[in-house]
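Each chain gets a letter, A, B and so on, in the order its sequence line appears, and its residues count up from 1.
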2 protein chains.
Amino acid sequence: MSKANTKTKILEAAEQLFAEQGFNNTSLRQITNEANVNLASVNYHFGSKKSLIQAVLARYLEIFMPILKHELDKVADSQISTEAIIQAFVPPLFELNKLGKQSAKHFTVMIGRGYSETQGHLRKFIVNEYGDVLAQIIELFSQALPKLTKQELFWRLHFSLGSLVFVMSSSGALEEIAMSDFFEQASTKTIVQKVVPYVAAGLTNQQGYTPNQFTDQIGGSL
Amino acid sequence: MSKANTKTKILEAAEQLFAEQGFNNTSLRQITNEANVNLASVNYHFGSKKSLIQAVLARYLEIFMPILKHELDKVADSQISTEAIIQAFVPPLFELNKLGKQSAKHFTVMIGRGYSETQGHLRKFIVNEYGDVLAQIIELFSQALPKLTKQELFWRLHFSLGSLVFVMSSSGALEEIAMSDFFEQASTKTIVQKVVPYVAAGLTNQQGYTPNQFTDQIGGSL
DNA sequence: GTCTATAGTCGGATAGAC
DNA sequence: GTCTATCCGACTATAGAC
């Protein structure tokens with residue numbers, strides 16, 4: 001942390017604070033204090049806070065995406081299954097932890113925050129840079145789940161992303177709720193291990209095939 | 001909106017902005033501009049921004065919780081099933097829409113934000129006021145899913161909450177992604193209808209019963 | 001109860017010395 | 001590349017007239 005150069009120190013401090021507090025709620029002053037660098041150095045190295053946000057995420061995407069693509073290609077070349085596609089996300093995610101102890105968690109949380117904060121500029125950045133991989137993900141899931149409409153798949157994939165992102169984002173709060181009572185160290189590994197079968201079940205669920213027909217199903221039986 | 005008194009106008013404007021932008025990222029100036037009231041009136045009526053946040057949520061909890069409790073009691077008196085418990089959340093949620101067109105969505109999003117923002121003071125407020133109902137929820141799910149350990153249930157319930165909260169929070173972004181291409185008006189009703197079978201599948205999933213045994217499952221088969 | 005005015009703090013960004 | 005000093009805008013909160 002202290003031996004790295006200024007630019008890296010800023011990136012590392014920003015990553016942690018962005019993940020824990022959000023982009024808007026983290027000040028450049030907090031970041032530079034944590035990184036033990038001068039306030040003005042952020043604008044010198046990155047130009048603006050907005051550019052810093054993109055740089056923090058880009059640092060992880062450059063590692064995550066190529067490995068994900070490689071894993072997805074492997075899936076495409078063998079028997080395509082929902083479970084196999086989900087598992088393809090695990091190696092690239094944990095590869096990030098080589099950069100920092102909690103980088104996989106921070107990355108996940110930042111992806112989630114990209115949906116609700118930053119007025120979409122982070123999302124557009126990702127789509128521009130890695131749109132091909134995103135398209136491949138959709139294509140593979142479509143093949144694994146041929147009965148699902150595009151709409152239904154769209155919703156379920158975002159439910160799945162939400163499951164992971166919410167728990168990662170709230171790990172501090174969840175730790176307080178669970179207390180020492182039962183809380184087997186909410187490591188990223190534990191969470192991922194728990195969420196994989198959960199989302200697999202939701203994605204492959206045979207129920208809910210009533211596209212555009214939302215009348216009285218709510219309140220009735222499933 | 002305009003005929004209401006100052007206090008209500010503030011609550012309504014605050015609700016919308018808190019849900020859309022988060023608590024920390026919404027200023028009293030934005031709220032009072034939107035509500036067409038004077039800046040100082042917030043502190044006159046609520047004392048502080050923190051108290052305003054609690055007041056906004058309390059307004060919905062006072063409606064939501066009694067109805068939820070009533071629905072849960074009905075479930076407890078009949079055949080307890082996971083599906084029935086999940087459905088118990090639907091009537092109280094939609095009851096909120098009598099206060100405002102998007103109140104159900106706003107309420108859901110604010111509950112989610114309570115986990116990651118506000119340093120837990122919102123969560124503690126809810127636990128203090130409605131801890132009995134929360135305990136009843138856990139108890140009913142435990143009975144409906146007797147094979148799940150407390151830990152496993154804990155994770156799955158939060159995955160489920162995350163699915164709903166994330167999609168509700170990101171509905172603006174999701175609308176942009178889906179475009180006119182396919183996007184059947186992301187009404188709260190649509191989302192709830194989609195998420196109920198999704199979380200039911202995840203909660204009742206028979207796989208993943210390997211508590212405290214996270215060795216090589218990741219990367220292996222499901 | 002509602003207003004204006006302002007105190008006091010913190011934010012992002014930059015100029016200019018070194 | 002790194003620092004100090006500072007601009008300027010936005011924020012919460014409050015004092016005090018009406």
Q.
According to side-chain hydrogen bond (donor to acceptor under 3.5 Å, both in side chains), who are the partners of A/Ser169, at least two apart in sequence or on a separate chain?
A. none
Q.
If you compare all heavy atoms of B/Ser171 against all heavy atoms of B/Lys105, which two are closest, and at what distance to 0.1 Å?
A. OG-NZ, 3.1 Å
Q) So, is A/Ser27 close to the C/dC10 phosphate, meaning a side-chain N or O under 4.0 Å from OP1 or OP2? A) no
Q) About how many Å separate CD1 of B/Ile191 and OG of B/Ser163, when rounded to the nearest 0.5 Å? A) 12.0 Å
How close or far is atom [atom2] of [N] from atom [atom1] of [X], stated in whole angstroms?
X	N	atom1	atom2	answer
A/Gln21	C/dG11	CD	P	10 Å
A/Asn43	C/dG12	CG	P	9 Å
B/Asn25	C/dG11	CG	P	13 Å
A/Phe46	C/dT14	CZ	P	15 Å
B/Asn24	C/dT9	CG	P	20 Å
B/Ile53	D/dA13	CD1	P	10 Å

Output a table of donor-acceptor pairs, distance under 3.5 Å, between side-chain atoms of residues 17-25 of chain B and any protein atom two or more places apart or on a different chain; print 'none' if there are none.
unit_1	atom_1	unit_2	atom_2	d
B/Glu20	OE2	B/Gln16	NE2	3.3
B/Gln21	OE1	B/Thr26	OG1	3.3
B/Gln21	OE1	B/Gln30	NE2	3.0
B/Asn24	ND2	B/Glu117	OE1	3.4

Q) When we call it a touch if two heavy atoms are under 4.0 Å apart, what does A/Thr26 touch: a base, just sugar-phosphate, or nothing? A) sugar-phosphate
Could you pull out the protein-nucleic contacts involving nucleotides 1-7 of chain D (nitrogen or oxygen on both sides, under 3.5 Å)?
unit_1	atom_1	unit_2	atom_2	d
D/dT2	OP1	A/Thr6	OG1	2.7
D/dT2	OP2	A/Thr6	OG1	3.4
D/dT2	OP2	A/His45	NE2	2.9
D/dC3	OP2	A/Asn38	N	3.3
D/dT4	OP2	A/Asn38	ND2	3.3

(Q) Cation-pi check for A/Phe46 against A/Lys7: NZ or CZ below 6.0 Å from the six-membered ring centre and within 45 degrees of the axis, yes or no? (A) yes
Q. Is there side-chain contact between B/Leu161 and B/Tyr115, with at least one heavy-atom pair below 4.5 Å?
A. yes
